[in-house]
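Owing to the predicted nature of the structure, the values given are computational and were not obtained by experimental measurement. We name chains A, B, ... by the order of the sequence lines, and we start the count at 1 in each one.
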2 protein chains.
Amino acid sequence: MDDKNISQAVISRLPRYLRYLGELKDSNVERISSQELSQLMNVTASQIRQDFNNFGGFGQQGYGYKVNFLYDEIAKILGINKTHHLIIVGAGNLGQALANYMNFERRGFHFTGIFDCNETLYGRKIRDMYVQPMENLETFVKDNDIDIAVLTIPKTGAVKVADKLVKCGVKAFWNFAHVDLNVPSDIVVENVHLSDSLMKLTYNITRKEQETDNQ
Amino acid sequence: MDDKNISQAVISRLPRYLRYLGELKDSNVERISSQELSQLMNVTASQIRQDFNNFGGFGQQGYGYKVNFLYDEIAKILGINKTHHLIIVGAGNLGQALANYMNFERRGFHFTGIFDCNETLYGRKIRDMYVQPMENLETFVKDNDIDIAVLTIPKTGAVKVADKLVKCGVKAFWNFAHVDLNVPSDIVVENVHLSDSLMKLTYNITRKEQETDNQ
DNA sequence: CTCTGATTGTTTTATATTTAACACATTTAA
DNA sequence: TTAAATGTGTTAAATATAAAACAATCAGAG
């Protein structure tokens, strides 16, 4: 397939396209033009066309895009047609919430285990799964062919745990810990730094306040 | 102060600077050069200097930056020195987790209420706070001068609730619901679309797999 | 004090991203 | 059957972002 590098800016927009296309699908819309979609999503039609064309032509001139086809293609690009095996490391508030909330199975993720070092949690059952001690981690990962580790542990332990998991064959981290993981370049890290996000929010609040003050 | 528009790309980097500066502060490092910081953070020194200079000169030529001073200035820019009043709308897994996990108070956020439409939750106590019914929402927001609403409700209700909250004076949304809120331009929205983030992850996994296959 | 090396602030250049423009294939309606 | 309308794919222009280069200024040594 294409081997030219596609920028992360484009990739970041794909899930949003997928969401809107899913909604169109649900409303039984069969075809849509970049123009219509652009109005719906509040982006330029030009950007939509160019984004899609990074991966080859999905539309038809004079006709537009077939919603179902486009949806499937984008899903394929994003890799959510494949199955991934996933564990959660850290069974605190956030870890438990993600386990219950994310509905991993619906998107092809096999949620296979949850771990914590707090022994008071060991009996606890979360989504048909018992919280396991960290001692089990390495053998479990090796035995169950785990791709993805969700890190919901405090930052103090995160880097070390990540190193260990890389050695066991984990290929990707969904990192909620408030540190930068330092992993080899073939390992994927997707950070979700919630407090960073909240700071952006407060920045924009004060900015808007100043704007209105100046008017 | 400056009224030139600073790009969100710059703003997105500030929390990370803050984090590293905080760590330096904790290790009693008093001064640092853009060069040193760049090695630590794995970005170019040029970018660091340019980012900081968007807000005026914080350093001293021939010397570097005073860690403490720089930290405080960035905190000020991000608006985390001010107090914000915050509620959580949606006391499900994620809402409860954020209430317990985020430690809002440490960053100057006053977490003042949590709401849900599920009446089985009404007795529930979360962080010294009882889950309130949605009927209370409007009067509560008006009476308590709420700035920020954290939306952890399903997407079906989110848009309507946001509209209602805007009318009551809420200025900003930290939106975890999987929809785009359609609010006036003076209202701030910071989206945290977790499933989008997870899709980026899977995209990058398959990309890296292909890369190694081609080598 | 004065000089030198260090390191910022700022300008310039390069790269990346977004938007606009348009040629041409396809549909649709007369 | 044909011509106008539609709407993609693609190339070009504009804008935004990042990196490099350099000039101004300060700390610190002697």
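Checked by distance alone, A/Gln61 brings no side-chain donor or acceptor within 3.5 Å of a matching partner on the base of C/dT26.
One distance of note links CD of A/Glu190 with CH2 of A/Trp174; it measures 8.5 Å at 0.5 Å rounding. Here the CG-CD1 distance, from B/Leu78 to B/Ile74, works out to 7.5 Å after rounding to the nearest 0.5 Å. Atom CZ of B/Phe115 sits about 10.5 Å away from atom CD1 of B/Ile88, to the nearest 0.5 Å.
Within residues 19-39 of chain B, the residues that have a heavy atom under 4.0 Å from DNA chain D are, in order of number, B/Arg31. Taken residue by residue, residues 63-74 of chain B places heavy atoms nearer than 4.0 Å to DNA chain C at B/Tyr63, B/Gly64, B/Tyr65.
Going from atom CG of B/Asn54 over to atom P of C/dG9 covers 12 Å, rounded to whole Å. A straight line from CG of B/Asn5 to P of D/dT15 spans 16 Å, rounded to a whole angstrom. Rounded to whole angstrom, the span from the CZ atom of A/Phe55 across to the C1' atom of D/dG9 amounts to 15 Å. Atom CD of A/Gln60 and atom P of C/dT28 are 10 Å apart (whole Å).
Between A/Tyr17 and A/Phe52, the distance from one ring center to the other falls under 6.0 angstrom.
Open room surrounds NZ on B/Lys66; 12 or fewer heavy atoms of other groups in view lie less than 6.0 Å from it.
Between the side chains of A/Glu36 and A/Ser33, at least one donor N or O sits under 3.5 Å from an acceptor N or O. No hydrogens or angles considered: nothing links the side chains of A/Arg106 and A/Asn103 as a donor-acceptor pair under 3.5 Å. A donor and an acceptor atom, one from each side chain of A/Thr83 and A/His110, are nowhere located under 3.5 Å apart.
Between the side chain of B/Glu105 and the backbone N or O of B/Phe111 there is at least one donor-acceptor pair closer than 3.5 Å.
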Could you write out each protein N or O paired with an N or O of nucleotides 17-20 of chain D at a distance under 3.5 Å?
from, atom 1, to, atom 2, distance (Å)
D/dA18, OP1, B/Arg13, NH1, 3.0
D/dA18, OP2, B/Arg13, NH1, 3.2
D/dA18, OP2, B/Arg13, NH2, 2.9
D/dA19, OP2, B/Thr44, OG1, 3.0
D/dA19, N6, B/Gln50, NE2, 2.5
D/dA20, N7, B/Ser46, OG, 2.8
D/dA20, N6, B/Ser46, OG, 3.3

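Salt bridge present: B/Arg13 and B/Asp51 bring a charged side-chain N and a carboxylate O closer than 4.0 Å.
Dashed line: the shortest gap from a side-chain N or O of B/Asn53 to OP1 or OP2 of C/dT8 is not under 4.0 Å.
B/Phe109 is not listed as a side-chain neighbour of B/Met102, based on a closest heavy-atom distance of 4.5 Å or more.
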